[in-house]
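Report on the structure given below.
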2 protein chains.
Amino acid sequence: MPKHAGIHDVARAAGVHPSTVSRVLNARTRHLVTAAVAARVAAAARRLGYTPDPVAAGLRTRRSRAIGVLIPDLANPVFPPIVRGIESVLTDAGYTAVVANTDNEPARARAALERFAARRVDGLVLATALRRDALIARVKALGLPAVLVNRTIEAGAIPAVVNDDAGGIALAVNHLVALGHAAIGHVAGPQRLSTGAARRAGYLAAMKASGIPARGAPVAAARSYDIAAGAQAARALLDARPHLTAIVAANDLLALGCYDELARRGLQCPRDVSVVGFNDMPFADRFSPPLTTVHIPHRLLGVEAARLLLEAIERSGAPAREVRLAPRLVVRGSTAGPRQKPVAPGARLAQRGRRSSPGQPPPRTAAGAPRQRYR
Amino acid sequence: MPKHAGIHDVARAAGVHPSTVSRVLNARTRHLVTAAVAARVAAAARRLGYTPDPVAAGLRTRRSRAIGVLIPDLANPVFPPIVRGIESVLTDAGYTAVVANTDNEPARARAALERFAARRVDGLVLATALRRDALIARVKALGLPAVLVNRTIEAGAIPAVVNDDAGGIALAVNHLVALGHAAIGHVAGPQRLSTGAARRAGYLAAMKASGIPARGAPVAAARSYDIAAGAQAARALLDARPHLTAIVAANDLLALGCYDELARRGLQCPRDVSVVGFNDMPFADRFSPPLTTVHIPHRLLGVEAARLLLEAIERSGAPAREVRLAPRLVVRGSTAGPRQKPVAPGARLAQRGRRSSPGQPPPRTAAGAPRQRYR
DNA sequence: GCGAGTTATGCAATCGTTTGCAAAGACGAT
DNA sequence: ATCGTCTTTGCAAACGATTGCATAACTCGC
């Protein structure tokens with residue numbers, strides 16, 4: 001068994017010194033050696049099936065060609081496409097992406113960061129940033145190039161790739177206003193995250209721009225971006241404003257929570273209350289009802305982040321650019337005009353929904369499923 | 001700025017030789033040095049904030065404490081929970097998981113494997129195995145410990161963690177039979193994958209066990225595990241057997257494809273045709289209708305795989321164990337008894353579905369969404 | 001045809017650990 | 001007291017590359 005060929009073996013085979021082999025194999029130093037010798041070495045390397053040992057090289061050069069990627073939770077469907085985007089450009093550039101989940105816990109983020117640092121990663125992609133994040137200081141102390149993706153920080157010059165959150169939310173409220181809604185509420189995301197804060201601000205601004213007074217723009221913030229927190233926030237929102245005809249949620253999972261709370265109250269979406277989400281997570285078109293939501297270019301987010309990082313690694317002096325991607329609204333089945341007072345056609349349907357509402361709520365299985373009709 | 005303390009600095013601080021420091025810091029060799037000295041060294045290490053450099057250590061020991069994880073596609077919602085399970089136990093054991101996507105392309109799998117090998121990973125977990133997979137030979141040639149997860153190979157002694165695919169499918173067909181179905185078809189997965197083959201075989205066996213003759217058990221295999229392929233297979237299946245009242249799909253994405261094809265034909269699920277999936281992917285309960293499916297313990301799959309791998313790394317002589325996990329059926333809204341001949345109540349509804357079928361199919365928006373009613 | 005300048009290659013140190021081997025010291029048995 | 005055995009520590013050679021410096025070879029102008 002021929003073990004694995006090293007630079008030494010190649011050197012012997014080509015009749016040159018190992019250092020020459022190294023120079024040939026490194027694009028940056030290849031011009032230092034004669035074309036003839038270079039060819040001989042390259043041939044020998046190929047013949048022996050030589051592959052460089054990145055750990056040995058890394059020891060000498062202090063570069064690992066590995067990038068640490070910190071994300072909140074891989075199981076949240078927004079992130080896989082982002083990660084794939086990152087991975088794709090990094091791999092093409094000869095880097096390896098190493099991803100770790102933090103579950104939104106700063107302590108886990110910190111631990112993962114230290115592991116990355118120990119492994120001497122060449123840079124970081126952070127999808128976990130809080131608006132004011134202690135981790136960033138540590139990253140800077142470590143002297144590691146980093147870029148933020150999706151979420152950004154309040155102040156501090158770190159390159160970032162984000163969505164136009166305010167613009168996206170404006171799309172959503174304008175859509176609802178165009179449908180005839182005025183009583184529109186907002187289930188906001190965690191306010192310690194830039195996305196939560198920016199979307200909330202965007203909602204407020206868009207409402208104002210539509211001529212709706214601030215008191216007509218109720219907000220309930222969720223503790224985290226998940227279904228349960230969304231349901232809880234929707235509950236608070238509807239308790240305070242029972243006559244809302246539409247909710248814009250800061251995120252698709254929160255929107256799903258709204259679905260649940262509406263079902264619990266015997267309200268139908270979109271007939272009684274319209275809901276719009278944010279992110280257009282995979283399978284959002286499969287929900288019941290299919291979710292109207294603000295689409296963000298998931299994969300592109302990752303791609304751009306990786307590009308920015310590569311750029312930062314090459315020229316470490318470069319100024320911190322921020323790339324802002326434009327979202328777009330995708331209208332599906334969870335939004336409709338506000339319910340009319342019962343009139344000639346459609347009255348029967350409206351009545352049917354009406355009747356079921358004040359009694360005990362239907363068994364809380366999956367939201368609004370046609371299931372109960374057939375069992 | 002204090003750079004980073006090395007073993008050398010610790011040695012100087014503690015007044016001992018670097019090799020002694022190394023011995024103290026390695027649990028396996030700590031007993032070689034006096035307790036007093038060990039304490040002094042440990043103190044110095046802590047004081048200087050020493051952290052070992054795994055790349056330097058790896059160079060010497062030929063162990064990277066990194067594990068390569070090969071999965072088909074992170075964006076397929078079955079995998080994130082599995083990956084998280086793997087990552088969790090690996091991290092606890094001091095390893096780093098590095099994951100790569102193959103998109104089911106052997107060439108990409110091969111390329112990723114070579115990158116892993118170059119990085120000197122200590123082991124592999126493979127979620128990409130074909131029934132007869134050339135990659136395995138390469139893995140063995142590399143001498144890398146490996147374990148298979150979810151999918152397994154035809155022949156060859158590699159530890160694996162799989163589901164009881166046949167048993168799971170039996171759960172599904174028995175459920176349908178109990179509901180009164182007899183005309184049950186199977187949308188099978190790719191037959192080059194163990195899951196595709198095992199579930200198909202399981203379907204055939206369960207049908208036979210229910211006393212349904214082989215000719216009454218039609219199968220159409222999908223080219224890949226995705227929605228489009230599922231729709232295509234469902235189409236072939238229903239073209240051949242238009243009177244099917246139920247379909248068991250080899251996978252949730254294929255089941256979603258069935259939803260689409262049924263909608264295209266103006267058939268309603270579950271009223272006209274029941275559908276059951278496999279995997280219970282995240283959000284399967286949110287689909288329209290909520291999907292009855294065979295639940296597999298995603299995370300546990302990953303956890304067990306990682307454990308098996310660790311075991312294989314410790315004692316490389318150990319025999320290749322196979323862990324088989326039990327799935328369970330979760331009944332939701334996509335299954336119901338077969339449609340009755342029109343009788344007193346429910347007749348109107350049945351008629352409505354019936355009527356829409358032969359004409360041109362409804363616009364293919366999201367499957368079965370109530371949307372069109374309101375726009 | 002000789003010295004200066006240029007280029008291509010070799011030499012050896014280095015990156016931060018681990019580990020086989022040797023040496024020194026401690027201890028007990030004779 | 002001497003010798004052998006054990007324990008504890010130091011020494012130095014790896015591991016597989018990269019790279020500053022030295023040196024040999026070659027070019028070119030005069």
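Only this structure's heavy atoms are used, side chains among them; waters, hydrogens and symmetry mates stay out.
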Keeping the roles fixed (side chain from A/Thr91, backbone from A/Ser88), state whether a donor-acceptor pair exists under 3.5 Å.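 No; zero donor-acceptor contacts below 3.5 Å.
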Would you check if the side chain of A/Thr20 reaches a backbone N or O of A/Val16 as a donor-acceptor pair within less than 3.5 Å? no
Measuring only between side-chain heavy atoms, which start at C-beta, is B/Leu308 closer than 4.5 Å to B/Val161? yes
Would you tell me whether [X] and [Y] have side-chain atoms, one donor and one acceptor, within less than 3.5 Å of each other?
X: A/Thr96; Y: B/Arg119; answer: yes
X: A/Thr195; Y: A/Tyr225; answer: yes
X: B/Ser19; Y: B/Arg23; answer: yes

Step by step, would you call B/Asn150 with B/Asn163 a side chain to side chain donor-acceptor pair (under 3.5 Å)? CA-CA 6 Å; B/Asn150 197 29; B/Asn163 300 298; 3.1 Å; yes
Between protein and nucleotides 5-8 of chain D, what N or O pairs are separated by less than 3.5 Å?
| residue | atom | partner | partner atom | Å |
| --- | --- | --- | --- | --- |
| D/dT8 | O3' | B/Thr34 | OG1 | 2.8 |

How would you summarise protein contacts on nucleotides 11-20 of chain D per nucleotide, using B for base, S for sugar-phosphate only and - for none, with heavy-atom distances below 4.0 Å? BBBBBBSBBB
